[in-house]
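Following: one structure in structure tokens, then a few remarks.
Numbers here are sequence positions counted from 1. Atom set for the values below is all heavy atoms of this structure, side chains included, hydrogens, waters and symmetry mates excluded.
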Amino acid sequence: MASCGSDYQVIVVGGGHAGCEAALASARLGCKTLLLNMSLDAVAQMSCNPAIGGLAKGHLVKEIDALGGEMGINIDATGIQYRILNTRKGPAVQASRAQADRRMYAERMKRVVERFPLLDLKHGVVTRLVVKNHQVGGVETMEGIVFTAGAVVLTTGTFMRGLIHVGMSNYPGGRAGEPASVGLSDFLRSLGMEVGRLKTGTPARLDRRSIDFSRLEPQYGDDPPKPFSFLTKKIDRPQVPCHITYTNSRTHDLIRSGLDRSPLYSGVIKGIGPRYCPSIEDKVVRFPDKDRHQIFLEPEGVDCAEIYPNGLATSLPPDVQKAFLRSIPGLEAVEIMRPGYAIEYDFVDPIQLYPTLETKAVDSLYHAGQINGTSGYEEAAAQGLIAGANAALKVKGGQPLVLGRDQGYTGVLIDDLVNLGSREPYRMFTSRAEYRLLLREDNADQRLTPAGYAVGLVPEARWQLFEAKMESLQRGNERLREVRVSGADRETSERLNLGELKNGASLLELLRRPELAIKDLLFLDATLSDLDEDVLNQLDISTKYQGYIDRQLEQVERFRRTENVVIPDGFNYDRLPGLSAEVQEKLKKVSPRSLGQAARIPGVTPAAIAILSVLLRRG
């Protein structure tokens with residue numbers, strides 16, 4: 001083994017969305033950090049769809065931003081279409097989504113990483129870790145170079161023993177055009193970790209010039225576009241439309257005709273695929289009664305010829321892909337620039353992690369992203385930020401950053417992973433959060449910016465902006481309570497269609513009416529009319545939903561009473577009377593940090609929790 005002659009405090013392996021956030025978080029906390037990637041030209045690549053956000057995923061991006069992360073700022077600088085989803089539903093499930101210029105997104109993130117203080121970006125294929133007495137001390141690359149560090153974060157994506165499938169052909173690769181990582185997953189197995197196999201896929205990339213857009217339905221973004229980052233005031237980049245088309249019965253017949261050469265249906269692929277993002281052949285087989293499926297044609301950039309057909313992930317042979325694509329309206333003469341493919345890869349069951357994302361087998365080793373069995377850029381980036389921050393905090397001797405289920409979707413994500421493990425690619429949904437009315441996109445900064453500032457992720461300048469916003473909210477709430485409309489003010493009553501107000505009403509009381517929005521009341525008070533739009537939106541939501549919010553806050557308080565009962569390290573479950581062998585085994589495997597975490601482990605009964613509660617409260 002050779003030494004590179006340079007020591008680091010934190011090393012991050014893998015320069016994808018998780019790796020970039022992990023490395024930046026570590027450097028923000030003042031640690032000398034190394035980001036190792038297999039290619040210096042493949043940082044923050046959008047391997048699948050060229051978009052950020054979506055249902056529940058937009059919440060994660062807002063939370064990353066609130067904690068001082070980079071993803072929200074990066075998409076605001078490179079986005080080419082923005083939309084708010086679920087606008088007909090309540091604010092808790094409304095979510096932001098933006099198409100990205102794929103090349104610009106990666107290039108900008110790479111510039112941020114390269115120029116960030118205390119952060120080095122270097123080429124390196126890690127094949128093993130330096131581990132002594134269950135403590136990580138660095139990494140070793142394929143060339144035998146050793147980089148030493150006090151903590152290591154693995155964000156390997158789909159590269160560990162990656163195997164790409166196109167029809168019955170397959171070859172090693174982490175994604176199209178890049179090699180797989182060989183050796184690291186075997187080394188993790190040698191440390192006693194449980195390593196599994198998952199699968200994901202991506203559609204063909206289509207040549208824009210061969211598509212008849214006149215036959216397609218255009219889908220335009222919101223005007224004006226709403227940014228992701230709380231720091232972005234306005235999106236001033238040119239915006240472009242996407243287009244919608246549909247498969248048909250002929251498409252489905254052509255897909256069925258190729259199933260005998262499908263690696264998915266011939267048994268070649270062994271890994272488990274994402275349930276909520278199936279391939280087109282999976283859709284056709286599983287839903288035979290559906291005569292069509294919606295397809296979104298998404299541009300990969302403003303000046304890019306590639307079109308991403310969202311909804312057509314496939315691993316069928318190239319000739320079948322071309323045939324079924326040409327049966328779709330608007331794509332009759334389409335040319336494929338790159339065929340779709342499936343990829344199998346190794347992951348490490350996240351039940352072997354603490355809520356800090358540190359492994360239980362090796363001290364100071366952290367995992368984030370698809371190595372934990374998740375899917376999606378946003379899930380990866382959220383884990384990366386937490387893992388990178390906790391690696392740095394561990395090196396510096398600080399208290400870890402652990403988010404609860406009541407604090408954010410990031411907390412829900414990590415809690416689900418470490419308690420439930422992963423048997424299929426995990427995707428975030430709003431339905432996974434029991435307190436989703438509290439975990440809205442609009443209040444992500446109120447929930448998490450104080451936590452980010454407390455550990456050092458949020459800089460002083462941003463904190464001052466946050467405090468100014470909170471002062472505006474307080475001032476707005478005061479004006480809503482103080483300003484009243486007199487019962488004798490018939491002009492205002494008629495303008496707002498209030499009917500008779502015998503005793504008058506405060507603006508707060510008026511705003512509780514479902515037919516009134518805060519913008520309808522601005523003419524009544526100059527202080528309110530001067531507030532920023534995001535502050536007004538917060539005032540509107542918090543007033544209209546106050547009763548429901550109060551109810552969820554009561555639920556959170558009950559939840560915290562069990563969540564805050566700490567289970568000591570090394571707690572001996574074997575000697576507890578009344579616990580079955582099965583419950584003991586599950587508790588020992590997960591090693592819960594609190595009574596609340598123990599209660600969320602599948603198979604741990606309420607009776608077992610009651611026994612634990614009595615013993616823990618007795619000390």
Problem set entry | Ser96 vs Glu441, side-chain hydrogen bond (donor to acceptor under 3.5 Å, both in side chains): CA-CA, chis, key distance, verdict | CA-CA 8 Å; Ser96 303; Glu441 275 195 1; 2.8 Å; yes
Exercise. When rounded to the nearest 0.5 angstrom, what is the spacing between CG in Leu536 and CG in Asp540?
Worked result: 8.5 Å
For this session: Measure from the side-chain N and O atoms of Asn390 to the backbone N and O of Thr356, and report whether any donor-acceptor pair falls under 3.5 Å.
Result: yes
Exercise. Is there a donor-acceptor pair closer than 3.5 Å between any side-chain N or O of Thr155 and the backbone N or O of Val13?
Worked result: yes
Problem set entry | Glu434 with Arg405: basic N within carboxylate O range, under 4.0 Å | yes
For this session: Could you tell me whether Arg462 and Asp445 have a side-chain N and a carboxylate O separated by less than 4.0 Å?
Result: no
Problem set entry | Any side-chain heavy-atom pair of Asp363 and Val136 under 4.5 Å | no
For this session: Please assess Asp349 against Val195 for the test side chain to side chain contact (heavy atoms under 4.5 Å, CB included), listing each intermediate value before the final yes or no.
Result: CA-CA 6 Å; Asp349 192 340; Val195 178; over 6 Å; no
Exercise. Where do Ser185 and Asp346 land on the side-chain hydrogen bond (donor to acceptor under 3.5 Å, both in side chains) test, with the steps shown first?
Worked result: CA-CA 7 Å; Ser185 57; Asp346 285 350; 2.8 Å; yes
Problem set entry | Test log, rule side-chain hydrogen bond (donor to acceptor under 3.5 Å, both in side chains), inputs Tyr426 and Asp416 | CA-CA 9 Å; Tyr426 179 103; Asp416 281 352; 2.7 Å; yes
Exercise. Has the side chain of Asn477 got a donor or acceptor atom that lies under 3.5 Å from a matching backbone atom of Leu473?
Worked result: yes
For this session: Would you mind checking if Arg481 and Glu478 are paired as a salt bridge, meaning a charged N to carboxylate O distance below 4.0 Å?
Result: no
Exercise. Are Tyr345 and Phe347 near enough that their ring centres are under 6.0 Å apart?
Worked result: no
For this session: Check each of Glu63, His59, Glu378 against Thr410 using the side-chain hydrogen bond (donor to acceptor under 3.5 Å, both in side chains) test, and report the only one that passes.
Result: Glu63
Problem set entry | Side-chain donor or acceptor of Glu344 paired with backbone N/O of Leu198 under 3.5 Å | no
Exercise. side-chain hydrogen bond (donor to acceptor under 3.5 Å, both in side chains) between Asn419 and Gln597: does it pass, once the steps are laid out?
Worked result: CA-CA 7 Å; Asn419 287 321; Gln597 186 186 353; 3.0 Å; yes
For this session: Using the side chain to side chain contact (heavy atoms under 4.5 Å, CB included) rule, take Val412 and Met428 through it: C-alpha gap first, then chi angles, then the decisive distance, then the call.
Result: CA-CA 9 Å; Val412 173; Met428 179 52 71; 4.2 Å; yes
Exercise. Under 4.0 Å between a Lys/Arg side-chain N and an Asp/Glu carboxylate O for Arg600 and Glu563?
Worked result: yes
For this session: Please check if the side chain of Asp415 supplies one atom and the backbone of Pro355 the other of a donor-acceptor pair under 3.5 Å.
Result: no
Exercise. Take atom CD in Gln555; do more than 12 heavy atoms of anything else shown fall under 6.0 Å from it?
Worked result: yes
Problem set entry | Check: Ile351 main-chain N/O paired with Lys589 side-chain donor or acceptor under 3.5 Å | no
Exercise. How long is the gap from CD1 on Ile73 to CD1 on Ile64, to the nearest 0.5 Å?
Worked result: 11.5 Å
Problem set entry | Side chain Ser190, main chain Phe187, donor-acceptor under 3.5 Å | yes
Problem set entry | Reported OH-to-CG distance for the pair Tyr435 and Leu553, which is rounded to 0.5 angstrom | 10.5 Å
Problem set entry | Non-hydrogen atoms of Ala92 and Tyr409 that approach each other most closely | O-OH, 4.4 Å
Exercise. Where is the tightest heavy-atom contact between Leu119 and Val113, given as atom of each residue plus distance?
Worked result: CD2-O, 3.6 Å
Exercise. Run the side chain to side chain contact (heavy atoms under 4.5 Å, CB included) check on Phe466 and Gln464 step by step: do they pass?
Worked result: CA-CA 5 Å; Phe466 173 74; Gln464 291 175 7; over 6 Å; no
Seminar exercise, completed: What one should report as the nearest heavy-atom pair of Gln9 and Val395 is O-CG2, 3.5 Å
For this session: Look only at the side chain of Tyr377 and the backbone of Cys48, and say whether a donor-acceptor pair between them is shorter than 3.5 Å.
Result: yes
Exercise. Taking 4.0 angstrom as the limit, do Lys588 and Asp574 come out as a salt bridge?
Worked result: yes
Exercise. Looking only at heavy atoms, which two atoms of Gly53 and Phe228 are closest? And how far apart?
Worked result: CA-CZ, 4.1 Å
Seminar exercise, completed: Rounding to 0.5 Å, atoms CG (Leu437) and CG (Asn443) come to a distance of 9.0 Å
For this session: Flag yes if more than 12 heavy atoms outside Glu460 fall under 6.0 Å of its CD atom; otherwise flag no.
Result: yes
Problem set entry | Side-chain donor or acceptor of Glu21 paired with backbone N/O of Gln383 under 3.5 Å | no
Problem set entry | Carboxylate-amine/guanidinium contact Glu70 Arg28, below 4.0 Å | yes
For this session: For Glu358 and Lys394, run salt bridge (charged side-chain N to carboxylate O under 4.0 Å, His left out): C-alpha distance rounded to whole Å, both residues' side-chain angles, the deciding distance at 0.1 Å, then the answer.
Result: CA-CA 10 Å; Glu358 184 181 19; Lys394 180 84 178 271; 2.6 Å; yes
Problem set entry | Distance-only side-chain donor-acceptor flag, Gln370 / Ser375, under 3.5 Å | no
Exercise. Between CD of Gln552 and CG of Leu438, what distance do you get to the nearest 0.5 Å?
Worked result: 4.5 Å
Exercise. Is the Tyr8 ring parallel, tilted or perpendicular to the Phe147 ring (thresholds 30°, 60°)?
Worked result: tilted
Exercise. So, for Leu579 and Ala608, which heavy atoms are closest and what is the spacing to 0.1 Å?
Worked result: CD2-CB, 3.4 Å
Exercise. Hey, is CG on Asn572 packed in by over 12 heavy atoms from elsewhere, all under 6.0 Å?
Worked result: yes
Exercise. Which value, rounded to the nearest 0.5 Å, describes the distance between Ile549 atom CD1 and Arg551 atom CZ?
Worked result: 11.5 Å
For this session: Could you please spell out the steps behind the side chain to side chain contact (heavy atoms under 4.5 Å, CB included) verdict for Leu595 and Leu616?
Result: CA-CA 9 Å; Leu595 189 62; Leu616 290 169; 4.1 Å; yes
For this session: Run through Arg436, Arg558, Arg560, Arg447 and flag the one making a salt bridge (Lys or Arg N to Asp or Glu O under 4.0 Å) with Asp406.
Result: Arg560
Problem set entry | Side chains of Gln135 and Ser364, donor plus acceptor under 3.5 Å | yes
Exercise. Can you find a heavy atom in the side chain of Arg475 that is under 4.5 Å from one in the side chain of Leu531?
Worked result: yes
Exercise. Between Ser422 and Gly373, is there a donor-acceptor pair closer than 3.5 Å when you use the side chain of the first and the backbone of the second?
Worked result: yes
Exercise. Does the pair Glu140/Arg128 count as a salt bridge with the N-to-O cut at 4.0 Å?
Worked result: yes
Exercise. Considering all heavy atoms of both residues, which atom of Leu401 and which atom of Ala389 are nearest to each other, and what is their separation?
Worked result: CD2-CB, 4.5 Å
Exercise. Any salt bridge between Lys62 and Asp442, counting N to O under 4.0 Å?
Worked result: no
Problem set entry | Arg275/Glu424 under salt bridge (charged side-chain N to carboxylate O under 4.0 Å, His left out): CA gap, chis, key distance, verdict | CA-CA 7 Å; Arg275 185 191 316 182; Glu424 62 183 54; 2.9 Å; yes
